[in-house]
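The structure appears right after this line, and notes come after that.
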Amino acid sequence: MIDLKALREDPERFRVGAARKKVTVDIDRILVLDEARRKAVGAQETLRAEQNKLSKESGPEIGKLMGQLKKAPEGERGAIEAKLAELKARPKALADQVTALGKEIEALEPELNGLLLQVPLPADPDVPVGEGSEDNVELSRWDPAWWDSSKSFEENKGFAPKTHIELAESLGLVNFERGVKLAGSRSYVLTGMGMRLHQAVLRYAYDFILEKHGFQAISVPVLVREEAMQGTGFFPTGREQTYQLEESKRGGGQDMFLTGTGEVGLMGLHADEILDEAQLPLQYATVSTCFRREAGAAGRDTAGLYRIHQFDKVEQVVICRADEGESRAWHKKMIGIVEELLRSLELPYRLLQCCTGDLGVKNADMVDIECWMPGRGELDANERPMGAYGETHSASRLYDFQCRRLNMRYKGESTGGKTVFCHSLNNTVLASPRVLIPILEMYQEADGRVRVPKVLQRHLGGIEHVG
RNA sequence: GGACGGGUGGCCGAGCGGCUGAAGGCACCGGUUUGCUAAACCGGCAUACAGGGUAAACCUGUAUCGCGGGUUCGAAUCCCGCCCCGUCCGCCA
C-alpha cells in the first residue's frame, strides 16, 4: 500500500512509477475519488459536531421531561409531549443528513480502496528503466575454480551434458508420470536419492542461514486468510496465482489460501503490532512448502523441475527501521548470504539487477540470482540445449509498502515517540527442487553418475555419488 | 460434530443507555527524593483521518470498546446477523 497523502502531494511520481512498472492504474480517478470523499467526510464531520453539541445540551433536558411526563397529571401531558417532540426534532434532522452523507461516502470507498491497492510502489531512481526481463542488467558473475563460464559444458568437463530430466530418469530420482497421475501437470514425485538430495539441500541451507547468519528459526502456516495475502501485497494482483480453498462455500467461516512463499507467514506474524525499536531488526527464516498455480505460464517450462506447482523453500525476511540506508544495507547483506551459500555449493551464478518492468507491485528494488543450468536454453545443431542461467533466487526491498498494508509499526528513540511503519525485505535462501537442476546438471560425471556437493555429504550419510 | 464462555487502550481488566476515549493496575516516559540500585511520591502516556499552524510544538473537529446492521434525541452498554478466540465432550492423529 502506498501512502495516499504522498500520492496526493506528488501524483506524477506514482504515475511515472506505475508506467515504468508496466502497471495500469488510473491515478487521476483516485485523485477525483479522494477529493470527493474528503469533501463529503468534511461536511459530515461538521454536521456531526453540531449534532453532538445539540444532544449534549438537550439530552439531560429530555431525560428530565421524560421523568415529568410519567408523573404528570392528564392535563399537562400534552404540553410536555409537545416540548419533547420539539427537542428531539432538531438532532433527528441532523442525524438524517449525516446518514445521507454516509451513504455517499460508502459509494465512493470501495472503488477508491480497490484502486489504491493496485498502485505499485515506484521503483527507486537507480533501478534501470526497462520493459521486462530482457532489460535486466547483469551485475556480476561467479564461477567455481573448476568451471569457466565463457566455455561450453563439454569444453569444461570433456563430455556432453545430460539435462536434469534425463539424469533424474536414469538415476531414478524423480517420477514425473506418477506425479502427473496424482496431481496433474507440473507435478512430480521425488524418489530415493532425489528425495534425499532435496531434503539435504534444504536442511543445509536452513542450517546455513540460522547458524552462520543468526536468523531466527520459525515455522509458518502455509494455509492463510485473505488478510495475510493482501497484507503482504500478493493480493489483489497475484490472486490468480494462488490456490484458494473455498471454505465459505461449504458453510465455513472464510476462504483460505495456500501461500506461494514463506514470506507471507513470516511477514504476517507481526501484522497489526507496534514493535519496540529495540527489537529491530527482526531476522526470520523459515522453510515451507510453496504453492503456485502458474496461471498465465501455460506452455512455458512444462517439463522437468523448473516450473512446478509445489515446492519447498527456505526464505529469509528482514524487518527493520524506516531508513533507506539500513534497508539498502540489508539488501546487500541478504544477497551476500545467498552468494556465500552458492559458492559453498560451487554453483556458477550471476547477479541481475531487475529493471522497472520486471519488478512486482510491492518492491522498490529487486536483484535476482540465476544459476547456470546446462540443460536449459537454446538448442544447438544437434538439438541439444546449450545451457542458460535460470532464476533461483530473488531479493526484494519494499520500504514500508508491505508494512503499511500489514499495519506493522514500531516506536522508539529514533522516532521521537511516534509510531512509524517498518521497512521490510525478503530473499530466497534456497528453493528446491529447482536448485536440484543446477546441482544435478553441474555435478554430473562422464559415467552418468552425479557427484554429491561436498557440503551436502554430511547430510547424506557421507555418500559421495548418486548412481 | 455437540455444549458452553468470551472479544474493551502497548498488556491485564472494570464498565452494561447520556457525566466514558473509556475506572483501576502493569509497562513505558519525565520529575522529586536518593551514596548507587530498588522503593515511594508527583505528572505524562491510544490510534486514524480532516482543518488550522512553519512539513515542528501545538490547537480544533470527527471516528474508533471484534465486524456489519438496527432501536434511540443519544449506544462500549439494548436487539439482530456475521467473524474470530477459548473451554469441555465426541471424533481423528
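Protein chains get the first letters and strands the later ones, always in sequence-line order, with residue 1 at the start of each.
Rounded to the nearest Å, the gap between the C1' atom of B:A22 and that of B:G35 is 44 Å. Across the C1' atoms, B:C36 and B:A48 are found 44 Å apart, a figure rounded to whole Å. Comparing the P positions of B:C11 and B:A23 gives an interatomic distance of 15 Å, to the nearest angstrom. Comparing the same atom, C1', in B:A76 and in B:G17 gives a spacing of 10 Å after rounding to whole Å. On the C1' atoms, B:C73 is 26 Å away from B:C67, given to the nearest whole Å. Using atom P as the reference point in both B:G66 and B:A75, the two lie 15 Å apart (nearest Å). Taking atom C1' in both B:G7 and B:G15, the straight-line distance is 15 Å, to the nearest Å. The P atoms of B:U34 and B:C29 are separated by 22 Å, rounded to the nearest whole Å.
Going from atom CD of A:E273 over to atom P of B:C11 covers 9 Å, rounded to whole Å. A:E109 has its CD atom 15 Å from the P atom of B:A63, to the nearest Å. Atom CD in A:Q279 sits about 15 Å away from atom P in B:G10, given to the nearest Å. For the pair A:D255 CG and B:C83 P, the computed distance is 12 Å after rounding to whole Å. Distance, A:E35 CD to B:A50 P: 11 Å, rounded to whole Å. A:E227 has its CD atom 11 Å from the C1' atom of B:C67, to the nearest Å. Distance, A:E50 CD to B:G51 P: 20 Å, rounded to whole Å. In this structure, CD of A:Q51 is placed 12 Å from C1' of B:U72, rounded to the nearest angstrom.
Residue A:R48 places at least one side-chain N or O under 4.0 Å from the OP1 or OP2 atom of B:A63.
Within a 6.0 Å radius of CZ in A:R178, no more than 12 heavy atoms belonging to other residues, nucleotides or ligands are found.
In this structure, a donor-acceptor pair under 3.5 Å is absent between the side chains of A:N363 and A:Y399. At a cut-off of 3.5 Å, with distance as the only test, no side-chain donor of A:N407 or A:E273 sits close to an acceptor on the other residue.
Nearest heavy atoms, A:K362 versus A:T232: CD-O, 3.5 Å. Nearest heavy-atom pair across A:F291 and A:Y243 is CB-CD1, 3.8 Å. The two residues A:A297 and A:R307 make their nearest non-hydrogen contact at CB-CD, 3.8 Å.
To the nearest 0.5 Å, atoms CG (A:L167) and CG (A:L436) are separated by 11.5 Å. Taken from CG in A:D368 to OG in A:S133, the straight-line distance is 9.5 Å, to the nearest 0.5 Å.
Mapping A:A95 and A:Q44 onto RNA chain B via the closest heavy atom, the residue that lands nearer the 5' end is A:Q44.
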For this session: Dot-bracket for RNA chain B, please, read 5' to 3', with Watson-Crick or G-U wobble pairs under 3.5 Å on both distances, ( ) within the strand, [ ] crossing, | other strand, . unpaired.
Result: ((((((((.[[[..)..(.....]]].(((((.......))))).(((((((.....))))))).[[[[[..)....]]]]])))))))....
Taking only N/O atoms, report every protein-nucleotides 47-49 of chain B pair under 3.5 Å with atom names and distance.
residue: B:U47; atom: O3'; partner: A:R409; partner atom: NH1; Å: 3.3

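Figure legend: A:R239 and A:F234 shown without cation-pi pairing, the cationic atom not lying both under 6.0 angstrom from the six-membered ring centre and within 45 degrees of its axis.
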Exercise. Going through the checks in order, is the side chain to side chain contact (heavy atoms under 4.5 Å, CB included) test met by A:Q402 and A:E263?
Worked result: CA-CA 11 Å; A:Q402 211 166 34; A:E263 176 192 341; 2.8 Å; yes
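In the set B:C85, B:G69, B:G61, the nucleotide with an atom closest to the side chain of A:R225 is B:C85.
Within 4.0 Å of A:N52, counting heavy atoms only, lie sugar-phosphate atoms of the nucleic acid but no base atom.
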